[in-house]
Amino acid sequence: MKRIGVLTSGGDAPGMNAAIRAVVRTSIYNDIEVFGIKHGYSGLIDKDILPMTVYSVADIIQRGGTILNTSRCKFFMTEAGRKQGVAVLKEFGIDVLIVIGGDGSYKGALELSRLGIEVIGIPGTIDNDIGSTDYTIGFDTAVSTALDAVSKIRDTSSSHNRVNIVEVMGRNCGDIALYAGIAGGAEYIIIPEVQYDIDSVCEKILRGKERGKLHSIVIVAEGAGDFKEITEAVQQQTRVATRGTNLGYIQRGGSPTGPDRILASRMGYMAVECVKNNNTNCVISIRNNQYITIPIEDALEMKKEINLELYNIANILSI
Ligand code: F6P
């Protein structure tokens, strides 16, 4: 029987613990030995590896972060680093490595597969920026967190009749901004995938004000612009009091939502089923509500598409 290693890599995301739990419990249920590798690829190189038991993952399904810790390991991006990783996996007798992380982590896994290690990827990142899956673990929670913050900002924005610019995370992907924007009734959503000009943002704010709107919320994805510059430009052009907030790391923390826990549990379970069926060197994805596997090499070629229909709906509803 194969021996499994599991690690989390890149930015942490709520729901990673639920995925670890599912991998560990499904392995043990099937009498497969499973090892937790701490601190992502750095811990692999440093042999920071421990056997996992049913109890190692008790009481973690509701916890944010990752009990295995995580890192972005520069050394692992070199061939020497990856070869060292392979040597450690061999030393521990680990045949299959399950990597929970984003695109960067998948790239590391692909390189390992080229060196003879079997790998399986599980998409874990708040950014929802992985082309091969409709949803990543952590995205739903991050949207809920951003939405909660936007609703609070709306209270004070409306009391003071201000414009509030809110920057959210997402790297080069506008999904957190788009989903939090449509659900939060934002007046304008600025995302990297759609060109915007500051004049049209200001015109929309002023049009709303003329119609009697007491305040406006603009959500900016971090990859689309700097919230400070946008705040200054809006204040100058509209002459309406404007304030800016960067939500920052609160979006990465907190207890995962129900949908994230379910996504993580199903994906973790499925990864171990794949090991049992000798279906490795693949990633687990959800597409059109179906759980599927995609060869890791193909998955990394897939481009993330923004949902333009949703973007247009958000624009119409905030007219
Ligand atoms: O990938 C998740 C993410 O939170 C991005 O949204 C953000 O750009 C980045 O990580 C921040 O990374 P770090 O933790 O290295 O500051």
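In listed order, ligands and their atoms are each counted from 1. None of the values given here were measured: they were computed from a predicted structure. Values below: every heavy atom of this structure, side chains too, minus hydrogens, waters and symmetry copies.
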Heavy-atom contacts with [X] under 4.0 Å: which atoms of ligand 1 show up? List them by number with element.
{"X": "Met169", "answer": "4 (O), 6 (O)"}
{"X": "Gly170", "answer": "6 (O)"}
{"X": "Glu222", "answer": "5 (C), 6 (O), 7 (C), 8 (O)"}
{"X": "Arg72", "answer": "9 (C), 10 (O), 11 (C), 12 (O), 13 (P), 14 (O), 15 (O)"}
{"X": "Tyr249", "answer": "13 (P), 14 (O), 16 (O)"}

Does this structure show an ion pair linking [X] with [Y], if we count only N-O contacts that are shorter than 4.0 Å?
{"X": "Asp134", "Y": "Arg287", "value": "yes"}
{"X": "Arg114", "Y": "Glu111", "value": "yes"}
{"X": "Lys83", "Y": "Glu79", "value": "yes"}
{"X": "Lys276", "Y": "Glu273", "value": "yes"}
{"X": "Lys107", "Y": "Asp103", "value": "no"}
{"X": "Glu187", "Y": "Lys209", "value": "no"}

TODO: Check whether any heavy atom of Gly102 sits under 4.0 Å from an atom of ligand 1.
DONE: no
TODO: Please examine the side chains of Val34 and Ile28, heavy atoms only from C-beta on, and report whether any two atoms are closer than 4.5 Å.
DONE: yes
Task: Test of proximity, Ile126 against ligand 1: N or O pairs below 3.5 Å - done: no
Open item on the list: Using heavy-atom distances only, which candidate in Asp127, Ile176, Val168 approaches atom 6 (O) of ligand 1 most closely?
Closed with: Asp127
- [ ] May I ask you to identify, for Arg252, whether its side chain, its backbone, both or neither come under 4.0 Å of ligand 1 on a heavy-atom basis?
- [x] side chain
